[in-house]
Amino acid sequence: MTLTISDATQHFSAKLRFETDPSDVHAALERGDRFVLVDSRSVTAWAQGRVAGAIHLPTAEIPERAPALIPMDMPVVVYCWGPGCNGSTRAALAFSRLGYEVREMIGGYEYWAREGLPTEDEAGRITASVDPLTAPRGFDCAC
């Protein structure tokens with residue numbers, strides 16, 4: 001099978017329309033962009049730690065609860081545990097079936113925390129050091 005430049009362009013353009021990453025989500029939150037960040041993990045996972053400012057809506061509850069919690073015209077970004085988990089893909093599918101504009105945060109909570117971005121639990125802020133394999137220290141990676 002031979003792929004064309006057009007095929008590749010369509011593929012990567014679609015990925016960028018439907019996926020985002022922790023550093024881009026953090027920058028969007030800092031700018032005050034209009035969207036809601038949804039943690040689709042279990043109650044136990046949520047209690048263990050989550051992205052500061054996220055709301056909790058487990059994937060199985062999205063079809064029933066989302067319309068009452070999130071306006072239909074509100075863009076949604078979903079995340080789950082990390083790259084080894086497809087929970088955020090399932091959550092994004094559930095939101096898209098309801099008609100929401102939705103993006104999946106690749107890397108999930110794992111990479112958010114490993115990049116040293118703001119996390120919290122029931123007791124408050126969790127401070128974690130940056131993993132040098134996931135985020136540059138002291139400069140922007142310009143990706």
Side-chain angles (χ1 to χ4, degrees), residues 1 3 5 7-143:
M1 180 164 120
L3 296 178
I5 291 172
D7 292 333
T9 300
Q10 289 175 14
H11 170 77
F12 292 113
S13 293
K15 280 185 66 126
L16 291 171
R17 274 196 334 268
F18 301 117
E19 295 179 355
T20 187
D21 63 37
S23 61
D24 287 345
V25 171
H26 181 256
L29 287 170
E30 291 288 304
R31 285 191 307 267
D33 289 3
R34 184 177 179 272
F35 71 98
V36 63
L37 182 59
V38 175
D39 183 318
S40 65
R41 300 174 302 147
S42 70
V43 171
T44 304
W46 170 261
Q48 181 178 329
R50 63 232 177 217
V51 172
I55 68 165
H56 185 230
L57 186 55
T59 300
E61 299 175 19
I62 291 170
E64 180 183 325
R65 294 184 51 215
L69 294 174
I70 304 168
M72 289 300 299
D73 66 342
M74 176 67 73
V76 174
V77 174
V78 296
Y79 72 88
C80 199
W81 271 112
C85 172
N86 67 3
S88 59
T89 304
R90 294 174 193 272
L93 177 59
F95 274 107
S96 68
R97 284 179 171 155
L98 293 172
Y100 286 91
E101 175 188 334
V102 61
R103 295 176 80 190
E104 179 180 17
M105 186 176 81
I106 60 173
Y109 180 71
E110 176 188 350
Y111 275 74
W112 182 279
R114 290 177 73 184
E115 289 184 24
L117 299 171
T119 59
E120 62 189 12
D121 63 13
E122 299 304 318
R125 175 77 188 244
I126 300 170
T127 303
S129 58
V130 174
D131 180 340
L133 296 177
T134 63
R137 286 186 278 190
F139 63 93
D140 181 353
C141 72
C143 60

Using atom types as modelled and distance alone, determine if a side-chain donor or acceptor of [X] lies under 3.5 Å from a backbone N or O of [Y].
X: Thr119; Y: Ala113; value: no
X: Arg103; Y: Glu19; value: yes
X: Ser40; Y: Pro58; value: no

- prompt: Parallel, tilted or perpendicular: which fits the ring planes of Trp46 and His56, with parallel below 30° and perpendicular above 60°?
  reply: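 Because their plane-to-plane angle is under 30°, the rings of Trp46 and His56 count as parallel.
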- request: Classify the ring geometry between His26 and Trp112 as parallel (under 30°), tilted (30 to 60°) or perpendicular (over 60°).
  value: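 Perpendicular: the ring planes of His26 and Trp112 meet at over 60°.
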Indicate yes or no: at least one non-hydrogen side-chain atom of [X] is less than 4.5 angstrom from one of [Y].
X: Arg34; Y: Asp73; answer: yes
X: Asp39; Y: Val51; answer: no
X: Ser23; Y: Glu115; answer: yes
X: Leu29; Y: Phe35; answer: yes

task: Step through the shown structure and confirm whether more than 12 heavy atoms of other residues, nucleotides or ligands are within 6.0 Å of CD on Glu101.
output: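 At most 12 heavy atoms, drawn from other residues, nucleotides or ligands, come within 6.0 Å of this atom.
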field: Heavy atoms of other groups near Arg97 CZ, more than 12 under 6.0 Å
entry: no
In Å, rounded to the nearest 0.5 Å, how long is the span from [atom1] of [X] to [atom2] of [Y]?
X: Glu61; Y: Leu69; atom1: CD; atom2: CG; value: 9.5 Å
X: Trp81; Y: Gln48; atom1: CH2; atom2: CD; value: 4.0 Å
X: Met72; Y: Phe95; atom1: CE; atom2: CZ; value: 10.0 Å
X: Leu57; Y: Ile70; atom1: CG; atom2: CD1; value: 6.0 Å
X: Glu64; Y: Ile62; atom1: CD; atom2: CD1; value: 12.0 Å

Taking every non-hydrogen atom, the tightest pair across [X] and [Y]:
X: Asp121; Y: Ala123; value: OD1-N, 2.9 Å
X: Pro22; Y: Leu117; value: O-CD1, 3.7 Å
X: Glu110; Y: Pro83; value: OE1-CD, 3.4 Å
X: Gly49; Y: Ile126; value: CA-CD1, 4.1 Å
X: Pro67; Y: Pro63; value: CD-O, 3.7 Å

Test log, rule salt bridge (charged side-chain N to carboxylate O under 4.0 Å, His left out), inputs Arg50 and Glu122: CA-CA 10 Å; Arg50 63 232 177 217; Glu122 299 304 318; 3.0 Å; yes
- prompt: Looking at Thr20, Val25, Leu37, which one forms a side-chain contact (heavy atoms from CB on, under 4.5 Å) with Tyr79?
  reply: Leu37
query: Under the criterion side-chain contact (heavy atoms from CB on, under 4.5 Å), which of Val78, Val76, Val36, Val38 is the partner of Tyr100?
result: Val76
